[in-house]
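These notes are about the structure you will find just below.
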Amino acid sequence: MTKVSLVPSAQLVRRLYFGAAVSAGLAVLGLTPAEAAKTTLTLGMAVEPTGLDPTIAAPVAIGQVTWQNVFEGLVAIDESGKIQPQLAKSWEVSPDGLTYTFKLQSGVKFHDGEAFDSVAAKFALDRARGADSINPQKRFFASIASIDTPDPETLVLHLSAPTGSLLYWLGWPASVMVGPKSAAADKTTPVGTGPFKFVNWAKGDKVELEKNADYWNKEVAVKLDKVTFRFIADPQAQAAALKAGDVDAIPEFAAPELMSSFDGDARLATKIGNTELKVVAGMNNARKPFDDKRVRQALMMAIDRKTVVDGAWSGLGTPIGSHYTPNDPGYVDLTGVLPYDPEKAKALLAEAGYPHGFTFTIKSPQMAYAPRSAEVMQAMLADIGVTMNIEPTEFPAKWVQDVMKDRAYEMTIVAHAEPLDIDIYARDPYYFNYKNPAFNDLMKRVQETSDPAAQAKIYGEAQKILADDVPALYLFVMPKLGVWDKKLKGLWENEPIPSNVLTGVSWED
């Protein structure tokens with residue numbers, strides 16, 4: 001495969017000179033390079049991003065390379081899921097919730113030298129919300145009616161309606177700030193304001209970043225000089241690369257059954273953290289027999305979630321009863337609403353007019369958890385007379401086309417990675433083809449308040465509707481399985497938003 005390098009030869013010469021100078025400096029200090037603190041990192045990922053601009057495409061792998069590394073937002077989401085100031089150092093919200101006034105950091109520049117100021121911020125938001133926008137979260141910006149830039153460090157958003165989640169949404173990868181001059185090329189040569197600059201993308205192999213020596217945030221001591229993201233799809237190959245030292249870390253290890261193989265390893269540590277990865281088997285609610293609530297409920301009651309977790313993910317997962325995780329505000333454990341009960345499932349099918357079951361096809365993306373989960377489900381559905389054929393589906397290209405765009409499917413299975421995305425069931429169109437005015441009203445109400453307690457209560461009501469209505473079969477939340485060098489510090493053990501934030505990562509001396 002052809003590798004495209006974007007590093008000019010002159011820059012390469014400078015690096016060689018710099019490396020020689022460092023070696024000479026170490027000699028003066030009486031240190032060998034092996035004794036100096038390591039400043040490079042090779043990080044493995046299972047999925048290669050389709051591009052490098054998270055503001056124009058949905059796959060989470062994009063943000064896992066560039067969010068908080070190359071690109072930054074007005075605000076950021078930290079490891080605990082909280083909103084933190086970033087390119088906006090402060091903000092005020094008017095009493096009616098319709099005006100947001102941001103005070104921006106001063107002296108910030110994009111990697112190409114272009115200034116980041118209120119005009120650049122307005123450009124980024126107008127691009128995200130405009131008529132021609134292809135931002136995967138365009139809905140985030142729908143309530144922004146107009147934007148004012150009274151001075152370079154002041155940005156004012158005027159909303160058409162209160163939007164209680166706006167600040168949180170502005171911390172997402174899809175909301176990062178892009179430069180007016182460089183945005184058009186960000187898909188392949190990203191230019192941001194972050195602590196790392198893009199160097200090279202060898203498609204099919206790796207993406208390379210280097211430390212931004214001119215990073216604006218002087219309170220942050222970035223310890224890594226170079227980061228390489230390597231793309232290794234096969235779990236066995238991931239394990240081999242870790243054990244051989246070819247990669248230093250795989251923050252999302254793809255084979256739970258191999259986690260124990262690292263036990264007792266003197267160099268590697270294993271971590272099990274929280275994620276927002278909700279594995280659900282979505283149904284096309286507009287197609288028979290899935291347009292009948294009784295059928296959907298019967299299928300849910302035919303599934304023993306614990307068995308799915310055991311069979312698909314080696315018992316490392318948390319069963320769920322709706323599209324919500326235990327990390328989220330207002331979480332309610334609803335696994336008991338439609339518990340495993342094959343006999344009741346058969347009765348419901350008979351009541352719905354399918355006493356002898358039926359046959360359908362599930363499109364299973366080719367990611368480890370999906371076919372494994374589908375195979376376990378297939379056996380359990382057979383117990384109630386339902387035949388489920390499994391169709392392997394290339395991800396993301398064919399799955400996105402067939403399911404997300406064309407909705408040419410009966411059932412599918414996928415891990416929804418976006419945090420607090422329960423509102424997808426109110427989106428029209430969306431691949432579930434689910435319509436429930438009462439649920440839609442709750443999603444409207446949750447935005448009409450910014451009070452966390454009020455929002456949590458509404459989210460609780462929304463979970464109960466989904467648990468009973470079952471537009472998708474709710475299976476389990478995947479944990480974050482991390483494997484990395486024990487001397488590596490600062491990688492996130494939990495994942496409140498899909499990411500590999502490297503700002504605070506360093507090696508022990």
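Atom set for the values below is all heavy atoms of this structure, side chains included, hydrogens, waters and symmetry mates excluded.
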| query | If only atom types and distance count, is the side chain of Asn135 paired as donor or acceptor with the main-chain N or O of Ala174 below 3.5 Å? | reply | yes
| note | Taking every heavy atom of Ile384 against every heavy atom of Pro342, the minimum-distance pair comes out as CG2-O, 3.7 Å
| request: Would you sort out whether Glu252 and Lys271 count as a salt bridge (Lys or Arg N to Asp or Glu O under 4.0 Å), showing the intermediate values? | output: CA-CA 10 Å; Glu252 287 191 355; Lys271 308 286 183 179; over 6 Å; no
| task | Run the numbers on Glu276 and Val477 for side chain to side chain contact (heavy atoms under 4.5 Å, CB included), then give the verdict. | result | CA-CA 7 Å; Glu276 291 292 317; Val477 179; over 6 Å; no
| said: Under a 3.5 Å threshold, yes or no: a donor from one side chain and an acceptor from the other, between Ser499 and Gln64? | reply: no
| query | If we ignore angles and hydrogens, is there a donor and acceptor under 3.5 Å between the side chains of Gln401 and Asp406? | reply | yes
| Sub-3.5 Å donor-acceptor pair from the side chain of Gln463 to the main-chain atoms of Val332, do we have one? | yes
| request: Verify, without hydrogens or angle tests, whether Asp186 (side chain) and Val191 (backbone) share a donor-acceptor contact under 3.5 angstrom. | output: yes
| said: Could you tell me if Tyr431 and Asn433 have a donor-acceptor pair between their side chains, going purely by distance under 3.5 Å? | reply: no
| query | For the side chain of Asp341 and the backbone of Met301, is there at least one donor-acceptor N/O pair under 3.5 Å apart? | reply | no
| field | Pairs where residues 303-319 contributes a residue and the test salt bridge (charged side-chain N to carboxylate O under 4.0 Å, His left out) is met, not counting sequence neighbours | value | Lys306-Asp310
| Under 3.5 Å: donor-acceptor pair, side chain of Ser133, backbone of Ala128 | yes
| Pairing of Asp441 and Lys444 as salt bridge, 4.0 angstrom limit | no
| Evaluation steps, side chain to side chain contact (heavy atoms under 4.5 Å, CB included), between Arg129 and Arg139 | CA-CA 8 Å; Arg129 72 190 185 97; Arg139 63 194 178 88; over 6 Å; no
| Any donor-acceptor N or O pair under 3.5 Å, side chains Thr55, Arg127 | yes
| said: Are more than 12 heavy atoms, taken from residues, nucleotides or ligands other than Lys138, located less than 6.0 Å from that residue's NZ atom? | reply: yes
| Asp402 side-chain N/O to Ala408 backbone N/O, donor-acceptor pair under 3.5 Å | no
| said: Side chains of Asp78 and Ser80 only: does a donor on one sit below 3.5 Å from an acceptor on the other? | reply: yes
| query | Do the side chain of Gln238 and the main chain of Ala254 share a donor and acceptor less than 3.5 angstrom apart? | reply | yes
| query | Would you say the side-chain atoms of Asn69 and Asn500 include a donor-acceptor pair closer than 3.5 Å? | reply | no
| request: Look at the side chain of Glu79 and the backbone N and O of Glu493, then say whether any donor-acceptor pair between them is shorter than 3.5 Å. | output: yes
| Is there a donor-acceptor contact under 3.5 Å linking the side chains of Gln86 and Gln105? | no
| note | Looking only at heavy atoms, the pair that brings Arg407 and Arg287 closest together is O-NH2, 4.2 Å
| task | Report the relative orientation of the aromatic rings in Tyr100 and Phe102; use parallel for angles under 30°, tilted for 30 to 60°, perpendicular for over 60°. | result | parallel
| said: Can you see whether Asp451 engages Thr449 through a side-chain donor-acceptor pair at a distance of less than 3.5 angstrom? | reply: no
| said: Looking at Ile424, is its backbone amide N or carbonyl O close enough to the side chain of Asp421 to form a donor-acceptor pair, meaning the two atoms are under 3.5 Å apart? | reply: no
| message | Does either side chain, that of Tyr434 or that of Asp469, offer a donor lying less than 3.5 Å from an acceptor on the other one? | response | yes
| message | Ignoring hydrogens and geometry beyond distance, is a side-chain donor-acceptor pair present between Trp201 and Glu48 at under 3.5 Å? | response | yes
| Once the angle between the rings of Tyr324 and Tyr331 is folded into 0 to 90°, is it parallel (under 30°), tilted (30 to 60°) or perpendicular (over 60°)? | parallel
| query | If you measure only the distance, is there a donor-acceptor pair under 3.5 Å linking the side chains of Thr325 and Lys278? | reply | no
| said: With side chain to side chain contact (heavy atoms under 4.5 Å, CB included) as the criterion, how do Met411 and Leu473 come out once you've worked through the C-alpha distance, each side chain's angles and the decisive distance to 0.1 Å? | reply: CA-CA 10 Å; Met411 182 184 286; Leu473 304 180; 3.8 Å; yes
| Separation of His158 NE2 from Ser94 OG (nearest 0.5 Å) | 9.5 Å
| request: Check whether the side chains of Tyr474 and His323 place a donor and an acceptor atom closer than 3.5 Å, and report yes or no. | output: no
| remark: To the nearest 0.5 Å, atom NZ of Lys346 lies from atom CG of Asp383 at 7.5 Å
| query | Is the side chain of Gln455 donor-acceptor paired with the backbone N or O of Val446 at a distance under 3.5 Å, no angle test? | reply | yes
